[in-house]
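Working notes, structure below.
The sequence lines fix the lettering, A, B, ..., with proteins before strands; numbering per chain opens at 1. For the numbers below, each heavy atom of this structure counts, side chains included, while hydrogens, waters and symmetry mates do not.
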Amino acid sequence: MIKAVDITHKYNNDLALNRVNLEIKKGEFVSIIGESGSGKSTLLSILSTLLKPSEGDVIFNDTNYKEIENIDTFRQTNIGFIFQFHYLINYLNVKDNLKIANEKVSEEEINTLLEKLDIQELVNKYPSEISGGQRQRVAIARAMMNKPTVIFADEPTGNLDSKNSLKVFELFKKLSNEGTIIIVATHDLKLAALADTIYEVKDGQL
Amino acid sequence: MLSNAIKALKANALKTTLIYFSLIFSIVSIFLISAISSGIISMYSSMLKSDGDIIITQAKISDTFFSNVDINLINKIDRLNGVKESSAMIVGASPVEKLPIVAVYGVTKNRLKNYKLIKNNYPKQNEALVGEAIYTNLKNKNSISIANKDFKISGVFTSDVGFENGSVVINIDEAGKIFNKSASMIMVNSDLNANIELLIKNIKSLDTNIDAKSTDNFVDNYNQFKIIKTSSNVISLIAFAMGLLGIVSIMSITINQRKSEFGIKRALGISMKKIIYSIMFESLILGCLSFVSAFLLSEFALYLIKHSSHLQGYVNGEITFSLALSIFLTSISMAVIGAIIPAFNAAQTDPVSLIQGNRI
Ligand SMILES: Nc1ncnc2c1ncn2[C@@H]1O[C@H](COP(=O)(O)OP(=O)(O)OP(=O)(O)O)[C@@H](O)[C@H]1O
Ligand SMILES: [Mg+2]
């Protein structure tokens, strides 16, 4: 469960988020829509520990972010990220890219995960050798490596065609059915409609 | 960790090569300057130590080259208790044929036996004994002209000490006329069980114009050696700084280009410490590789120097184990220190910039 309590965020003196309150339950699939510059990415950054809000609290299963001692371990065990750009490391093959997220994972687990995403044949390929849609699916696999409680995705389909975009959202649906919280920011209203809950951010407010 | 580090280095091949070369240049410089300077020092000191426990020079002069002591002191010294034998030497230099500077040693008869003959005889009046390295260079192998005076070549000797192997030996009275002095220094060989300190005291009391030191003490305090050592250290330090700058600057560029890699790692919860270590590790690999290459290159360069007739054998360097070890440690610290700033920069990448869609 993730709960945002009265979150306000200012960049220097510009208000980006204004008293946002929100509660997301286990396995919920949430999409966040809103115009460019409305504050979607800012909200995602705050909910995912990447950014400390100017005011307010985020509570994650009874833990207030302010009380977390080792934010790295927390992130590694609980949170997965998917960005608009895949950010795969170009000199490592798919398998080694996945291992960045978790060194200890076995080959078998990697293969099972890749099978689930229908990209098992790419395991030894390099990012430059696969398609944009495939790269994004590898990035999703990387986000899932540590079996996180929540996956944050900011414009994950921004660089994909509609067919690949739909595949990604169907995958999110499947993951949320398995109990992972999915929080996606997107411009695409059709895709956003696939989520359990839709929030719209407008001028920094929900 | 190792395989990923190597992959990262390979992925940035050009910059890796640049760092590699800048490290090699710097380490080779340190190797050569240290090896050559310690080579010169050890050559000269082994020459001084070859016979004689005590060295007598003119008092209060900064360099033995300018020293002038009265050769007749030998007679008085020989009478002292505990003295086995004493000899005198004049150190001079003169152009010989095309060689601009050749060491000329004027020695007393009893010193001649120190030069190992490989051809003919020791020099008599108007004769000169030449070192092997000079002899092979000479056009006229029968006579040699030193400061406009002709000497018949009486024989050839060989020596492990480059300074000697490339020198000419004549009798001290003739050298005295050429270089206008009595003797540069007197070397005293003591009896096995003689009290050196007492002997030095007794020698000093013979003449107020002289200074007497044990050979070891003399070598330790010889000004020329101090100058050589200091310049060698300064040059090494500069080379170290250049290598360091090479790593810092080129590595910083690489790190900048890899920002998205560090950003995603931070987002994935990889600690700053781990990122710092991984970059230092990459640098360490380069440091080790460069050290090995620099070592081989230096050995090769020293070989060439040693066998260059142009240098008359005067320049000679040897890489001892302890020198190699200390330069290895220097290389490692250069790699590690040089990587600190880039590594911290990398670790500080803010993953928020990824969420903003920046292709950092
Ligand atoms: N690092 C920053 N420094 C200053 N202002 C920022 C920064 N990041 C975002 N902002 C501002 O905060 C506001 C919200 O930005 P945010 O990126 O959250 O919007 P968004 O909804 O994600 O937009 P988009 O749909 O274009 O991605 C914008 O006005 C933006 O200019
Ligand atoms: Mg955004």
Strictly by modelled atom types, are B/Lys15 and B/Gln257 linked by a side-chain donor-acceptor pair under 3.5 Å?
yes

Going by distance alone, is a donor N or O of one side chain under 3.5 Å from an acceptor N or O of the other, for A/Ser106 and A/Glu109?
yes

Using a strict 4.0 Å threshold on nitrogen-to-oxygen distance, state whether A/Glu178 and A/Lys174 make a salt bridge.
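Between A/Lys174 and A/Glu178 there is no salt bridge, as every charged N stays at least 4.0 Å from the carboxylate O atoms.
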
Could you check whether B/Phe328 and B/Phe321 have their ring centres less than 6.0 Å apart?
no

Answer with side chain, backbone, both or neither: which region of [X] has an atom nearer than 4.5 Å to a non-hydrogen atom of chain A?
X	value
B/Asn12	neither
B/Lys273	neither
B/Ile264	side chain

Which residue out of A/Phe74, A/Tyr91, A/Phe81, A/Phe83 racks up the most heavy-atom pairs below 4.5 Å with chain B?
A/Tyr91

A/Leu92 versus chain B, heavy atoms under 4.5 Å apart: side chain, backbone, both or neither?
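It is the side chain, since no backbone atom gets that close.
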
So which part of A/Ile100 gets closer than 4.5 Å to some heavy atom of chain B, the side chain, the backbone, both or neither?
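Both parts, heavy atoms under 4.5 Å.
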
Mind checking whether A/Phe85 and A/Tyr87 have parallel, tilted or perpendicular rings, split at 30° and 60°?
perpendicular

